[in-house]
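The block underneath contains the structure these notes are about, expressed in structure tokens.
Just so it is clear, the values below take in all heavy atoms, side chains as well, and ignore hydrogens, waters and symmetry mates.
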Amino acid sequence: MDPSPALSRRQLLAGAGAATLGLTTSALIGAPALAAPAGFPNYQYIGTPFVKANLRYNPTNELIFPCIRGMYDKISGARARYYLYYAPHDAPGGICLAYGNSLGGAFTEYEANPIIRNVWSPHYSVSHVSSPHIIWNSANRQFYLYFHGENTTTRMAWSTNGITFTYHGVVLHTGVIPGSTETSYARVFEHAVPGLGNRFVMLFMGVTSGSRKIFWGWSNDGKSWSYDPTPLVSPGPDDLTDLSGPHLLKRNNTSYVVYHGNSGDMYLTEVGNSFDREVHLGVFHAAMSGAPDSNRSAAPSFGTDGGVQYMFYEAGQRSSSTIAVARAL
């Protein structure tokens, strides 16, 4: 299913009136934590959810774009309290799953990874699939998994157990953002924008004029989408050239987007609840110079366990990245 044509939000609103976990002690060695803007906590690296070298499915020795989800309050018979989705990026990619009972503990690789491959007959055959993001739609008690492949196309599949999926179709492609060459790394959140009558918003990376920016779209059902062709967050005010891996955060009765920049750090911008602001607030999380960050931290996914906040993220340079975990101080 093709997404709806691009439509400016301004036009529409006007018309609408664990030592790896095996935790290692080196986890705590690095640059001093910078104060996070807007009252958000600082996050300190505590380890990795699994040992990458021990994974059964690891075709390219690089893993990206974690998405952590609690299962304990959604379905019965889950393998553990939390499911962690991640993927290689380089061909053939593949959407992968690990599971664990504590966000600060070890995760076990699902034995039949990848759960979604780069060939899904008769729906598509691409060089790779990657960047998984999963949501729970309580209205129909289904999980919606968004992923890209190729980088021009974001797709969605649905599931009732978070492991076996049925293909839905294309939900985003470069045709909806004029002049774009990539539309990928999408995350979806429940957030009603005043005046739109929507239930969900999508944040994603779009490449226009050779620069990576953050764009957004909205939907009532998570399947059919409309998109704003104007970037929501641009890199210039952060003295950057490229942004990606956006995540929506709420605090102080307003909305923010956290994302990573080509500097290697994560940044924060206030966009407001109507997604009509762009107030750049600086560095949200600084990458460590040592392993596993090696001067790059990206694509955060957040969760809370026992009242403690955690951030799963992509750590390291793209040719050798892994999944890491940080804990709020």
Checking [Y] against [X]: is there a side-chain donor and acceptor pair closer than 3.5 Å?
{"X": "His148", "Y": "Thr154", "value": "no"}
{"X": "Ser255", "Y": "Asn273", "value": "yes"}
{"X": "Asn161", "Y": "Arg79", "value": "no"}
{"X": "Thr269", "Y": "His280", "value": "yes"}
{"X": "Thr60", "Y": "Glu62", "value": "yes"}

Taking the six-membered ring for Trp, is the centroid-to-centroid distance between [X] and [Y] below 6.0 Å?
{"X": "Tyr227", "Y": "Trp216", "result": "no"}
{"X": "Tyr146", "Y": "His133", "result": "no"}
{"X": "Tyr99", "Y": "Tyr85", "result": "no"}
{"X": "Tyr82", "Y": "Tyr72", "result": "yes"}
{"X": "Phe302", "Y": "His247", "result": "yes"}
{"X": "Trp158", "Y": "Tyr144", "result": "no"}

Could you give the distance from [atom1] ([X]) to [atom2] ([Y]), rounded to the nearest 0.5 Å?
{"X": "Ser219", "Y": "Leu172", "atom1": "OG", "atom2": "CG", "value": "12.0 Å"}
{"X": "Asn252", "Y": "Glu270", "atom1": "CG", "atom2": "CD", "value": "8.0 Å"}
{"X": "Glu150", "Y": "Thr183", "atom1": "CD", "atom2": "OG1", "value": "11.5 Å"}
{"X": "Arg69", "Y": "Ser301", "atom1": "CZ", "atom2": "OG", "value": "5.5 Å"}

- request: Give the minimum heavy-atom separation between Pro37 and Phe284, together with the two atoms involved.
  value: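 Minimum heavy-atom contact is CD-CA, 3.9 Å.
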
Does [X] share a hydrophobic cluster with [Y], counting links as ILVMFWY side-chain heavy atoms below 4.5 Å and allowing steps through other members?
{"X": "Val119", "Y": "Val126", "result": "no"}
{"X": "Val207", "Y": "Val171", "result": "no"}
{"X": "Leu268", "Y": "Met205", "result": "no"}
{"X": "Val176", "Y": "Met156", "result": "yes"}

When you compare the side chain of [Y] with that of [X], does any pair of heavy atoms fall below 4.5 Å?
{"X": "Arg187", "Y": "Phe204", "result": "no"}
{"X": "Thr48", "Y": "Ile323", "result": "no"}
{"X": "Pro114", "Y": "Pro92", "result": "no"}
{"X": "Ile64", "Y": "Tyr185", "result": "yes"}
{"X": "Phe65", "Y": "Phe312", "result": "no"}
{"X": "His128", "Y": "His89", "result": "yes"}
{"X": "Met266", "Y": "Met311", "result": "yes"}
{"X": "Val325", "Y": "Phe107", "result": "no"}

- request: Evaluate salt bridge (Lys or Arg N to Asp or Glu O under 4.0 Å) for Lys213 paired with Glu182, printing each intermediate quantity in order.
  value: CA-CA 10 Å; Lys213 309 170 183 73; Glu182 295 183 26; over 6 Å; no

With a 4.0 Å cut-off on N to O distance, would you call [X] and [Y] a salt bridge?
{"X": "Glu111", "Y": "Arg56", "value": "no"}
{"X": "Glu109", "Y": "Lys52", "value": "no"}
{"X": "Glu314", "Y": "Arg296", "value": "yes"}

field: Pair Tyr124-Asn118, side-chain hydrogen bond (donor to acceptor under 3.5 Å, both in side chains): steps then yes or no
entry: CA-CA 8 Å; Tyr124 63 76; Asn118 64 317; over 6 Å; no

Arg251 to Phe40 six-membered ring, cation-pi geometry met (6.0 Å, 45°): yes

field: Step-by-step side-chain contact (heavy atoms from CB on, under 4.5 Å) determination, Ser102 to Asp305
entry: CA-CA 7 Å; Ser102 169; Asp305 185 8; 3.5 Å; yes

Thr152 vs Thr181, side-chain contact (heavy atoms from CB on, under 4.5 Å): CA-CA, chis, key distance, verdict: CA-CA 6 Å; Thr152 59; Thr181 56; over 6 Å; no

message: Testing Phe275, Phe200, Trp218, Tyr256 one by one against His191 for a ring-ring contact (aromatic ring centres under 6.0 Å, His included), which residue passes?
response: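 So the option named by the test is Phe275.
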
Worked check of side-chain hydrogen bond (donor to acceptor under 3.5 Å, both in side chains) between Tyr259 and Asp238: CA-CA 11 Å; Tyr259 49 89; Asp238 291 317; 2.6 Å; yes

